[in-house]
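Written below as structure tokens is the structure these notes are about.
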There are 2 protein chains.
Amino acid sequence: MENFQDKISEVVIRRLSDYLRCLNYAKSKGQTLIKSSDISTECGLKSSIIRKDLARFGIFGMKGKGYNIDELIKEIEKILGLNKTKNVVLIGAGNLGTAIIKYQGIKNANFNFVAAFDNNSDKIGKMIDNTKIYSNERLNGFIKKNRIEIVLLTVPSSETIKIVDSLDPKFVKGILNFTSVILPPEKNNIFIHNIDLAKELEVISYCMKKCLS
Amino acid sequence: MENFQDKISEVVIRRLSDYLRCLNYAKSKGQTLIKSSDISTECGLKSSIIRKDLARFGIFGMKGKGYNIDELIKEIEKILGLNKTKNVVLIGAGNLGTAIIKYQGIKNANFNFVAAFDNNSDKIGKMIDNTKIYSNERLNGFIKKNRIEIVLLTVPSSETIKIVDSLDPKFVKGILNFTSVILPPEKNNIFIHNIDLAKELEVISYCMKKCLS
DNA sequence: ATTTTGTAGTAAATCAATTCACAATAAAAA
DNA sequence: TTTTTATTGTGAATTGATTTACTACAAAAT
């Protein structure tokens with residue numbers, strides 16, 4: 001399992017994330033088995049692609065019955081790397097940063113929100129929802145000491161590049177960049193994903209226009 | 001132009017958005033012409049796909065010279081529906097909502113940020129960066145009166161469904177949903193895009209794992 | 001004029017993703 | 001048992017996206 005994977009495209013990974021949400025929901029309702037056609041309805045996909053996605057990672061169900069939910073959750077979490085908790089820090093404790101720290105969707109066993117960093121002396125030393133804010137000066141030492149793998153970047157755009165370049169790729173493996181500076185998908189072996197609000201608005205603007213014509 | 005379009009996939013639209021950013025940057029540096037290979041380097045794509053994307057919408061350059069930047073910007077904006085300003089409101093003026101209102105990337109001629117709405121009486125009547133906060137009660141009247149087409153949804157997840165169902169599809173054509181409730185891509189003829197932080201974390205978690213193995 | 005150079009436009013080829021359609025098989029029913 | 005039913009697993013077909021590779025121009029250089 002997991003080693004006879006050829007190239008997995010990002011859309012497959014995004015679907016796995018959808019399946020996971022769907023599975024957790026089914027589990028919360030007390031289900032223990034699930035059919036590919038149930039996942040398919042819930043996620044708005046054809047059932048065949050779900051079976052194919054899973055088979056590709058060596059996950060198989062039971063003919064005539066479906067898939068075991070617990071097992072499926074465990075396998076998908078393993079594929080996504082969610083089986084080991086990852087330490088996360090947030091840089092930039094402004095409104096957006098604060099919102100993210102407070103956000104429910106990531107208060108999750110898989111991501112351990114260790115600390116926040118900011119330059120504003122009014123904020124340093126304060127807490128946001130059990131997360132302490134430290135001075136940016138202490139960032140790199142902290143990352144090293146606490147084995148931080150993921151950085152959420154919510155600083156003003158003018159600081160983006162400087163901070164990204166300062167992160168030690170020995171520890172930091174991924175950045176979620178919320179600033180309006182668009183970064184490349186990889187830099188110094190750190191994976192970067194941009195959350196690009198302007199682009200999302202443009203895409204929805206296009207969809208709206210199509211719907212009218 | 002624009003009517004011999006077959007089916008345009010979202011990836012093409014996302015690329016157009018990238019081209020637009022690149023073009024505006026080139027324009028800001030005083031360029032008036034641009035080659036597909038320049039856009040290609042900047043956006044990390046093959047030049048041929050750029051030419052093909054543009055040709056598909058009836059946009060052509062000059063052989064041996066390249067494309068006229070101003071013209072290209074105008075055409076892409078037209079395709080994305082950015083030529084007409086769209087009125088936008090934000091519902092939920094918490095940290096995330098406040099951050100979005102203050103966000104530079106959308107202070108843009110194409111999207112007119114008209115108002116914010118919230119239930120919290122402490123906030124009602126206040127301003128965030130020139131945007132006034134109104135009571136949720138006034139939402140639907142406001143949408144009708146001010147021809148609001150886009151809603152940015154930053155309320156607590158418990159309120160998501162109620163608010164989405166209350167929006168009048170006669171006016172609202174698109175929703176950007178930032179709550180942790182995942183909504184379908186379309187509902188009552190309103191296009192919906194989810195900004196799903198949990199999914200982004202899962203995707204980057206997968207990428208990080210791949211990079212190590 | 002003629003040749004060279006540079007870049008667009010695009011048909012054909014390739015590569016990738018999705019769907020179809022059905023055999024395999026396990027459980028339930030008869 | 002045997003038959004029926006349900007659902008997986010997957011090869012083949014299809015559909016879609018990207019890349020290659022080359023032609024067509026237009027401008028600049030000779």
Side-chain angles (χ1 to χ4, degrees), chain A residues 1 4-19 22-23 26 31-73 75-76 79 185 203 206 210, chain B residues 1 4-19 22-23 26 31-73 75-76 79 185 203 206 210:
Chain A
M1 233 179 288
F4 45 84
Q5 294 164 21
D6 20 6
K7 277 270 179 58
I8 308 293
S9 82
E10 192 177 307
V11 299
V12 176
I13 300 307
R14 290 184 172 270
R15 282 199 299 263
L16 291 182
S17 166
D18 292 340
Y19 304 162
C22 168
L23 290 165
Q31 262 177 266
T32 59
L33 284 176
I34 197 164
K35 294 178 284 177
S36 62
S37 62
D38 293 341
I39 304 177
S40 102
T41 314
E42 181 79 15
C43 298
L45 299 163
K46 289 271 156 64
S47 64
S48 56
I49 206 169
I50 290 159
R51 297 196 297 276
K52 204 156 250 192
D53 279 346
L54 297 175
R56 166 175 223 170
F57 289 99
I59 304 174
F60 299 101
M62 292 162 281
K63 288 186 175 177
K65 291 180 75 182
Y67 297 82
N68 179 298
I69 289 180
D70 280 334
E71 201 181 297
L72 202 41
I73 289 174
E75 289 296 333
I76 293 178
I79 294 164
V203 173
Y206 172 82
K210 283 269 77 176
Chain B
M1 230 181 290
F4 46 82
Q5 294 165 19
D6 20 4
K7 277 270 180 57
I8 309 293
S9 83
E10 194 177 306
V11 299
V12 176
I13 299 307
R14 289 184 174 270
R15 282 200 299 263
L16 291 182
S17 167
D18 291 341
Y19 304 162
C22 166
L23 290 165
Q31 262 178 267
T32 59
L33 284 176
I34 197 164
K35 296 179 282 178
S36 61
S37 63
D38 293 342
I39 304 178
S40 104
T41 313
E42 180 79 17
C43 298
L45 299 163
K46 288 269 156 65
S47 64
S48 56
I49 206 168
I50 290 158
R51 296 195 297 276
K52 201 157 249 190
D53 280 346
L54 298 175
R56 165 175 225 171
F57 289 98
I59 304 174
F60 299 101
M62 292 162 284
K63 288 184 175 178
K65 291 181 75 182
Y67 296 82
N68 178 299
I69 289 180
D70 280 334
E71 201 182 298
L72 202 42
I73 289 175
E75 289 296 333
I76 295 178
I79 294 164
V203 172
Y206 172 83
K210 282 269 79 176

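What separates CZ of B:R15 from C1' of D:dG16 is a distance of 12 Å, to the nearest Å. For the pair A:K7 NZ and D:dT18 P, the computed distance is 15 Å after rounding to whole Å. Between the CD atom of A:E71 and the P atom of D:dT8 there is a distance of 14 Å, rounded to whole Å. Rounded to an integer number of Å, the gap from B:R56 CZ to C:dA8 C1' is 18 Å. One atom, CG of A:L45, and another, P of C:dT18, lie 9 Å apart when rounded to the nearest Å. Atom P of nucleotide C:dG6 and atom OH of B:Y67 are separated by 18 Å, given to the nearest angstrom. Protein atom CD1 of B:I39 is 12 Å distant from nucleotide atom C1' of C:dA8, rounded to whole Å. For the pair B:K52 NZ and D:dA21 P, the interatomic distance rounds to 14 Å; values are reported in whole Å.
For the atom pair CD1 (A:I79) and OG (A:S17), the distance works out to 12.0 Å, reported to the nearest 0.5 Å. Considering CZ of B:R14 and CG of B:L16, their distance stands at 12.0 Å, rounded to 0.5 Å.
You'll find the side chain of B:Y19 stays beyond 4.5 Å of the side chain of B:L72, heavy atoms only. For the pair B:L23/B:Y67, no side-chain contact is recorded, criterion being any heavy-atom separation below 4.5 Å from C-beta on.
With distances taken from any side-chain atom of B:I49 to the nucleotides D:dG11, D:dA21, D:dT18, the minimum falls on D:dT18. Comparing D:dT19, C:dA24, D:dT10 by their nearest atom to the side chain of A:A55 picks out D:dT10.
Mapping B:K63 and A:S48 onto DNA chain C by nearest heavy atom places B:K63 closer to the 5' end of the strand. Summary of the strand contacts: B:G64 and A:R51 both lie near DNA chain C, and taking for each the nucleotide with the nearest heavy atom, the more 5' one is attributed to B:G64.
Considering A:K46, A:K52, A:R51 as possible partners of A:S36, the one that fulfils the side chain to side chain donor-acceptor pair (under 3.5 Å) test is A:R51.
Contact annotation for B:S36: backbone-only contact, meaning every heavy-atom pair under 4.0 Å involves sugar-phosphate atoms and none involves a base. Within 4.0 Å of B:S9, counting heavy atoms only, lie sugar-phosphate atoms of the nucleic acid but no base atom.
Within 3.5 Å, no donor on the side chain of B:K46 pairs with an acceptor on the base of D:dT20, nor the reverse.
The shortest distance between the side-chain N/O atoms of A:K35 and the OP1/OP2 oxygens of D:dT7 is below 4.0 Å.
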